[in-house]
Amino acid sequence: MSAKSTATGANAVGTDDAYNPYLAHRYPNSQAAKPVNGNDPLHGLIPRRVTATQAVNIMDGEINPFTKKPLSPNYKKILEGRKKLPVFAQIQDFYDLYSKNQIIVMIGETGSGKTTQIPQFCVYSDLPHTKGKMIACTQPRRVAAMSVAQRVAAEMDVELGKQVGYTIRFEDMTEAGTTFLKYMTDGMLLREAMNDPTLSRYSTVILDEAHERTLATDILMGLLKEIARNRADLKIIVMSATLDALKFQKYFGSPEKPAPLLKVPGRTFAVETFYTQEPEPDYVEAAIRTALMIHHAEEPGDILLFLTGEEEIEDACRRIRAEAEDLERQHPDTVGPLNCVPLYASLPPREQQKIFQQAPGPKTPDGPPGRKCVVSTNIAETSLTIDGIVYVVDPGFVKSKIYNPRIRVESLLVAPISKASAQQRAGRAGRTRPGKCFRLYTEKDFMKELEEQTYPEILRSNLANTVLELMKLGVKDLVHFDYMDAPAPETIMRALELLNYLAALDDEGNLTEMGRIMAEFPLDPQMSKMLIISPEFKCSNEMLTLSAMLSVPNVWLRPNNQRKEADIAKAALAVPGGDHLSLVNVYNNYIENKYDSQWAWNNFLAVRALQQAENVRNQVQRLMERFDLDLVSTSDERKFWQNIQKALVCGYFMQVAHKEGEKNNYLTVKDNQVVALHPSCGLDATPEWVLFNEFVLTTRPFIRTVTEVKVDWLLEYAGEYFDIKTFVDGETKRALQRAVAKKTGVPYLETRPSTGKRSRDGSETPSEARRKKDRKGK
DNA sequence: GAGCACTGC
């Protein structure tokens with residue numbers, strides 16, 4: 001038994017009688033262990049026909065098949081751990097399915113190891129590097145893409161960013177020609193698809209966490225299904241954590257012949273679940289009581305309590321702390337100290353870190369031990385894992401986004417969670433040892449009232465952006481696109497209508513040149529439009545700043561004990577014309593003060609948000625340069641703010657409100673919603689016409705981030721949208737009529753014959769007006 | 001006179 005060497009050596013993947021790594025492993029002292037042909041452990045493997053034995057033997061070898069360097073002791077240590085993962089026991093099952101099918105569905109519960117192992121299994125079988133391709137594995141969140149890539153690079157004994165890398169917005173840790181396993185956010189792969197519609201760089205695409213049904217994952221699923229028809233060489237793996245596998249199988253196969261499924265058990269501890277006997281009228285109250293009950297009566301172990309938002313959480317924390325102290329005083333022999341910590345996304349990172357602190361020890365040497373209680377939003381359900389949690393309190397609610405296409409408003413509402421979500425929450429109690437989950441609803445409600453799955457995002461969102469992306473991806477028929485769950489036709493119509501008004505689509509529904517450029521910007525269509533048009537108003541530098549500032553979380557801080565000081569600081573930076581202008585002003589001042597954190601802090605500004613804005617601004621500026629859009633500012637100081645307001649109108653003319661009556665009420669144009677200026681609004685007067693960035697529905701309808709506009713600009717730059725004929729009778733219409741009369745010197749009459757159909761371009765910019773004049777001149 | 005559930009490009 002001896003190894004053969006082939007004349008071609010390194011490039012002999014696929015030949016039959018080549019060096020057999022299986023034998024090399026079995027007989028380490030034989031000649032087979034020292035192949036002559038380029039020392040390639042992968043030699044002789046046939047892509048996508050690799051067996052588990054072959055793969056495992058290479059993993060067990062001495063030479064890293066991808067770097068050709070000796071494998072490190074650390075690699076071997078990690079490998080022993082990997083082999084104990086549940087998914088490893090099914091490696092041959094996986095290869096059987098992978099070799100024979102184009103699309104497979106995989107479900108693996110928490111702790112199965114699927115996210116780290118399956119992509120590696122693919123590497124050993126697909127051998128993407130031998131054909132200049134890559135394996136992509138998508139994640140819904142950036143941190144996951146980064147941390148998993150780092151872990152897998154270590155497991156494969158390679159440097160992160162070389163053979164194994166990741167790509168997220170603002171950071172590409174890959175090396176062209178070297179990287180063959182790439183973790184990335186789902187949004188990033190969708191972006192790539194826009195310029196490479198067949199995803200030709202990839203030989204295998206893995207969609208991980210598909211059960212989360214993010215907008216990007218949903219679009220990618222439809223896209224991949226289509227690409228698979230035209231690319232027989234592309235393999236697709238859809239990985240999910242839930243029991244809803246059949247839905248994925250049917251979608252990727254057919255109802256009669258579902259796509260094959262691989263099921264891998266998880267590795268978590270049992271969680272005992274308790275329900276209430278009767279529904280709880282006040283879930284916050286009940287949650288607080290339950291947490292205190294656990295602290296009083298249950299064995300040591302930390303508590304995780306789910307609530308819906310910042311205010312609720314801070315309030316609950318205060319009450320739990322106060323009552324726990326009473327409890328401790330009353331029962332000093334049995335009740336230890338309780339450390340109650342809040343957790344939500346907008347909490348500064350330093351505060352967030354507190355959830356990882358150890359529970360407090362006993363106050364006296366032989367007193368009862370302390371306990372930690374984390375009160376969190378949904379962030380602890382998927383994004384953040386806290387070790388040591390033994391008790392979960394689940395009131396059964398979540399704040400979630402819903403979209404009403406009729407009035408074009410996205411709002412946040414507190415709603416019951418799904419069964420899948422409830423299970424995920426309960427699972428958080430069993431990560432380190434057996435735990436308990438207290439559900440603050442009845443078992444009957446759980447069985448009968450809760451939806452199986454969380455409503456996918458695509459059914460809850462404004463789709464203007466998504467529709468533009470789909471158009472750019474070449475999808476012609478948006479209504480009949482193969483969605484796993486189709487959005488309401490009205491939502492799609494609303495999106496098409498907006499894109500048509502923005503001149504991203506022509507009247508036939510085709511993507512225009514403007515639309516093609518807009519799709520490249522990681523911004524809402526309205527924002528892309530105002531930005532692309534802004535050089536014509538000599539304010540592209542400012543609009544760049546504004547789009548960045550509108551893309552990041554609120555920059556204005558208002559600490560509870562310093563509200564007055566914060567308001568004074570804000571007023572000092574405010575521009576009278578409106579909040580959009582103030583945002584530009586804040587950023588410009590931030591630059592003038594040399595990006596100084598101390599300056600920001602002194603002015604009650606969120607440093608982190610400002611830094612994020614810098615990041616976004618740089619990215620968008622590069623895009624502006626790519627499309628040869630001039631970066632300019634006006635030198636005429638009197639026009640500086642006005643130009644910005646005009647450019648704003650070109651993008652956001654559909655988000656305008658008119659003042660009605662005396663009570664500072666506004667009526668949104670066309671949708672006729674009664675709205676009020678949000679209390680955070682910095683306008684020092686109530687102008688007749690305002691443009692707003694956001695419509696928020698909380699205690700009542702508010703418009704937030706508001707700037708004054710002139711009716712003449714509406715008529716000039718958004719003539720079609722503000723065509724009086726399209727308005728119902730009312731104060732808004734009469735105001736428009738007065739404006740037209742004043743402008744033309746002729747009283748406006750409803751019956752006046754039309755001067756001909758205007759372009760379907762709602763926003764008529766100077767250049768467009770000029771082009772029209774030119775045409776008429778000829 | 002009130003609020004950023006959570007992601008992502």
Side-chain angles (χ1 to χ4, degrees), chain A residues 138-145 167-172 184-195 209 212-220 306-315 343-348 376-384 397-402 410-415 417 421 424 454-458 460-461 465-466 468-469 472 518-525 527-528 547-548 551-560 563 567 606 608-609 612 615-616 619-620 623 664 676-682 694 696-705:
Chain A
T138 69
Q139 298 292 321
R141 282 168 292 280
R142 283 188 214 163
V143 273
T167 303
I168 59 175
R169 187 184 187 182
F170 305 129
E171 201 182 352
D172 185 7
M184 65 205 300
T185 47
D186 49 9
M188 206 66 219
L189 186 61
L190 191 57
R191 283 268 138 194
E192 283 189 10
M194 292 194 336
N195 290 309
E209 314 291 356
E212 290 197 26
R213 304 291 306 277
T214 65
L215 243 174
T217 293
D218 264 26
I219 299 300
L220 281 170
F306 286 100
L307 288 176
T308 66
E310 172 176 346
E311 207 180 321
E312 214 174 75
I313 286 167
E314 293 290 358
D315 182 48
L343 175 64
Y344 43 87
S346 57
L347 202 65
S376 171
T377 61
N378 239 15
I379 193 169
E381 193 182 303
T382 47
S383 309
L384 267 170
F397 290 98
V398 67
K399 208 180 267 189
S400 75
K401 182 179 71 182
I402 54 159
E410 274 184 351
S411 44
L412 283 175
L413 283 185
V414 173
I417 58 172
S421 194
Q424 179 76 12
T454 306
Y455 234 45
E457 199 183 358
I458 197 169
R460 298 184 283 118
S461 307
N465 231 333
T466 305
L468 185 60
E469 280 166 10
K472 173 89 181 184
M518 280 167 62
E520 295 282 342
F521 284 82
L523 306 168
D524 280 342
M527 217 185 281
S528 317
S547 53
S551 299
V552 301
N554 184 17
V555 295
W556 308 105
L557 297 177
R558 201 162 180 255
N560 276 334
R563 289 192 181 168
D567 289 345
R608 205 156 47 109
Q612 285 172 28
N615 246 337
V616 176
Q619 184 194 27
V620 180
L623 282 165
N664 294 340
L677 298 181
H678 194 272
S680 67
C681 173
E694 247 182 317
V696 288
L697 197 63
T698 50
T699 49
R700 54 175 294 195
F702 287 110
I703 48 177
R704 193 160 53 191
T705 312

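Just so we're on the same page: letters track the sequence lines, and every chain starts at 1. Just so you know, these numbers come straight off a predicted model, no measurement behind them.
Here Asn378(A) lies out of heavy-atom contact (under 4.0 Å) with every strand. Within the 4.0 angstrom heavy-atom criterion, no nucleotide atom of any strand lies near Phe521(A). When heavy atoms are screened at a 4.0 angstrom cut-off, Ala345(A) is found touching the sugar-phosphate backbone but no base atom. As judged by a 4.0 angstrom heavy-atom cut-off over every strand, Ile168(A) is placed among residues touching the sugar-phosphate backbone only.
Residue order along DNA chain B, read from the 5' end via each residue's closest nucleotide, puts His678(A) first among Leu523(A) and His678(A).
With rounding to whole Å, Gln424(A) atom CD is found 15 Å from dT7(B) atom C1'. Remark: P of dC6(B) and OH of Tyr344(A) are 10 Å apart, rounded to the nearest angstrom. Between Leu412(A) atom CG and dA5(B) atom P there is a gap of 7 Å when expressed in whole angstrom units. The CD-P distance, from Glu469(A) to dC9(B), rounds to 12 Å in whole Å. The CG-P distance, from Leu347(A) to dG3(B), rounds to 19 Å in whole Å. Distance CD (Glu212(A)) to C1' (dA5(B)): 14 Å, rounded to an integer number of Å. One interatomic measurement links the two molecules: CE of Met518(A) to P of dC9(B), which rounds to 20 Å at whole-angstrom precision. Whole-Å rounding puts the Glu171(A) CD to dC9(B) P distance at 11 Å.
Taking atom C1' on both dG1(B) and dA5(B), the two are 23 Å apart, rounded to the nearest angstrom.
Look at Arg141(A) and Glu209(A) and you find no salt bridge, because none of the NZ, NE, NH1 or NH2 atoms lies under 4.0 Å from a carboxylate O.
Residues passing the ring-ring contact (aromatic ring centres under 6.0 Å, His included) test with Phe521(A), sequence neighbours excluded: none. Residues satisfying the salt bridge (charged side-chain N to carboxylate O under 4.0 Å, His left out) criterion with Arg142(A), sequence neighbours excluded, are absent altogether.
Here the side chain of Ser346(A) is nearest to one of dC4(B), dA2(B), dG3(B), namely dC4(B). Of all nucleotides listed (dC9(B), dG3(B), dA2(B)), dA2(B) comes nearest to the side chain of Arg558(A). Ranking dG8(B), dG1(B), dG3(B) by closeness to the Arg141(A) side chain, first place goes to dG8(B). Side-chain proximity of Arg460(A) to the nucleotides dA5(B), dC9(B), dA2(B) is greatest for dA5(B). Among the nucleotides dG1(B), dG3(B), dC4(B), the one closest to any side-chain atom of Pro553(A) is dC4(B). For Ile379(A), taking side-chain heavy atoms from C-beta onward, the closest of the listed nucleotides dC9(B), dT7(B), dA2(B) is dT7(B). Taking the side chain of Ser383(A) as heavy atoms from C-beta on, and the options dC9(B), dC6(B), dG3(B), the nearest nucleotide is dC6(B).
An anti base is found at dC6(B): its glycosidic angle is more than 90° from 0.
Using a 4.0 Å cut-off, no side-chain N or O of Thr214(A) falls inside it from OP1 or OP2 of dG8(B). Residue Ser551(A) places none of its side-chain N or O atoms closer than 4.0 Å to OP1 or OP2 of dC9(B). Within the structure, every side-chain polar atom (N or O) of Arg700(A) is placed at least 4.0 Å from both OP1 and OP2 of dG1(B). Residue Arg142(A) places at least one side-chain N or O under 4.0 Å from the OP1 or OP2 atom of dC9(B).
Atom CD of Glu311(A) sits in a sparse spot, with 12 or fewer heavy atoms from other residues, nucleotides or ligands closer than 6.0 Å.
No donor-acceptor distance shorter than 3.5 angstrom exists from the side chain of Glu694(A) to the backbone of Arg704(A), with no hydrogens or angles considered.
For the pair Asp186(A) and Thr214(A), the tightest heavy-atom approach, listed with the atom from each and the gap, is OD2-OG1, 2.5 Å.
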